[in-house]
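When reading the values below, keep in mind they use all heavy atoms of this one structure, side chains included, and skip hydrogens, waters and symmetry mates. All residue numbers refer to positions in the sequence shown, counting from 1.
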Amino acid sequence: MASANETDFDDWILSAFAETGPFTMLFVLLRVECIRIDLLRSAYLHVVGDELRWPDMVHLFGGAGVDWSGVVFFRAGREGLVDDPQAKARLSALVRKLHEDRLLIRDGEFFNSAGLRLAVEEIKPH
């Protein structure tokens, strides 16, 4: 385990693992532009230890082949680890819901490309 956390993501992942032990994490890569958020790619990952850090995730995201500027993470379920078919089904349902309502990002853990926490706020029409 690293002695110092470099990013907000590192703090979150350590806290999440300490709270639940191994868990399945769903994530969606995003393009964040001013008042617009586009969904780019999504996947899941089984977190089985507390060694995962932001540079590891950035390396993983590089395989997606997209220019992303944000990412949102969700736990696949309260039960911790879920099997692959459940993870795929839950990821698919999550992406459908996010296409309908970007404000659901607030229910996850939202970070920029530097691993720093972001927040989504609703813009009310004038």
Side-chain angles (χ1 to χ4, degrees):
M1 187 163 89
S3 59
N5 299 328
E6 299 290 326
T7 68
D8 294 338
F9 171 83
D10 296 333
D11 293 336
W12 170 72
I13 197 75
L14 284 172
S15 174
F17 189 83
E19 181 181 310
T20 64
F23 67 100
T24 302
M25 177 171 65
L26 312 176
F27 60 91
V28 181
L29 291 176
L30 309 165
R31 180 178 301 114
V32 181
E33 295 177 343
C34 216
I35 61 170
R36 180 181 169 143
I37 298 176
D38 296 317
L39 308 181
L40 300 174
R41 301 278 193 277
S42 62
Y44 65 92
L45 179 69
H46 301 297
V47 179
V48 296
D50 66 356
E51 301 84 19
L52 184 64
R53 295 297 181 273
W54 185 246
D56 304 317
M57 294 306 302
V58 170
H59 180 74
L60 178 69
F61 299 158
V66 295
D67 186 23
W68 61 278
S69 54
V71 60
V72 61
F73 298 92
F74 297 86
R75 293 184 198 182
R78 284 182 262 164
E79 66 271 35
L81 287 173
V82 300
D83 63 22
D84 289 338
Q86 285 181 321
K88 289 175 185 175
R90 292 177 188 184
L91 180 61
S92 179
L94 172 65
V95 170
R96 274 193 311 275
K97 290 176 184 173
L98 286 170
H99 274 292
E100 295 170 7
D101 184 2
R102 297 293 196 277
L103 289 178
L104 292 175
I105 290 170
R106 295 191 289 194
D107 295 339
E109 305 296 333
F110 185 29
F111 300 95
N112 68 11
S113 61
L116 303 177
R117 192 170 292 283
L118 295 175
V120 173
E121 295 185 21
E122 186 173 8
I123 298 174
K124 303 273 185 185
H126 296 343

Practice prompt. To the nearest 0.5 angstrom, please state how far the CG atom of Leu91 sits from the CG atom of Asp84.
Written response: 11.5 Å

Worksheet entry | Donor-acceptor pair, side chain of Asp56 and main chain of Leu52, under 3.5 angstrom | no

Response to the item:
Taking every heavy atom of Ser42 against every heavy atom of Val95, the minimum-distance pair comes out as OG-CG2, 3.6 Å

Discussion item. To the closest 0.5 Å, what do you measure between CE (Met57) and CG (Leu60)?
Written reply: 5.0 Å

Worksheet item: In terms of hydrophobic clustering (I, L, V, M, F, W, Y; side-chain heavy atoms under 4.5 Å; direct or indirect links), are Phe74 and Trp54 co-clustered?
Response: no

Worksheet item: Is the number of heavy atoms from other residues, nucleotides or ligands under 6.0 Å of Asp67 CG greater than 12?
Response: no

Discussion item. Can you classify the ring geometry of Trp12 versus Phe111 as parallel (below 30°), tilted (30 to 60°) or perpendicular (above 60°)?
Written reply: tilted

Worksheet item: Would Leu104 and Leu94 show up in the same hydrophobic cluster when neighbours are defined by side-chain heavy atoms closer than 4.5 Å?
Response: yes

Worksheet item: Which heavy atom in Phe17 sits nearest to a heavy atom in Val48, and how many Å separate them?
Response: CE1-C, 3.6 Å

Discussion item. Same cluster or not: Leu40 versus Phe110, using hydrophobic residues (I, L, V, M, F, W, Y) connected whenever any side-chain heavy atoms lie under 4.5 Å apart?
Written reply: no

Worksheet item: For Trp68, what residues pass the ring pair (Phe, Tyr, Trp, His ring centres under 6.0 Å) criterion, not counting sequence neighbours?
Response: Phe61

Worksheet item: Does the side chain of Leu14 come within less than 4.5 Å of Arg53's, by heavy atoms?
Response: yes

Discussion item. Clusters formed by hydrophobic residues whose side-chain heavy atoms approach within less than 4.5 Å: which one holds Leu116, and what are its other members?
Written reply: none

Discussion item. Has Arg31 got a side-chain atom pairing as donor or acceptor with Asp38's backbone, closer than 3.5 angstrom?
Written reply: no

Worksheet item: Counting only heavy atoms not in Glu121, do more than 12 fall under 6.0 Å of its CD?
Response: no

Going by atom type alone, with no hydrogens or angles, which donor-acceptor pairs under 3.5 Å involve a side-chain atom of residues 18-30 and a protein atom two or more places apart or on another chain?
unit_1, atom_1, unit_2, atom_2, d
Glu19, OE2, Arg75, NH1, 3.2
Thr20, OG1, Ala16, O, 3.0
Thr24, OG1, His46, ND1, 2.9
Thr24, OG1, Val82, N, 3.0
Thr24, OG1, Val82, O, 3.4

Worksheet entry | Smallest separation among heavy atoms of Leu98 and Leu39, with atom names | CB-CD1, 3.8 Å

Worksheet entry | Salt-bridge present (Glu109, Arg117; N to O < 4.0 Å) | yes

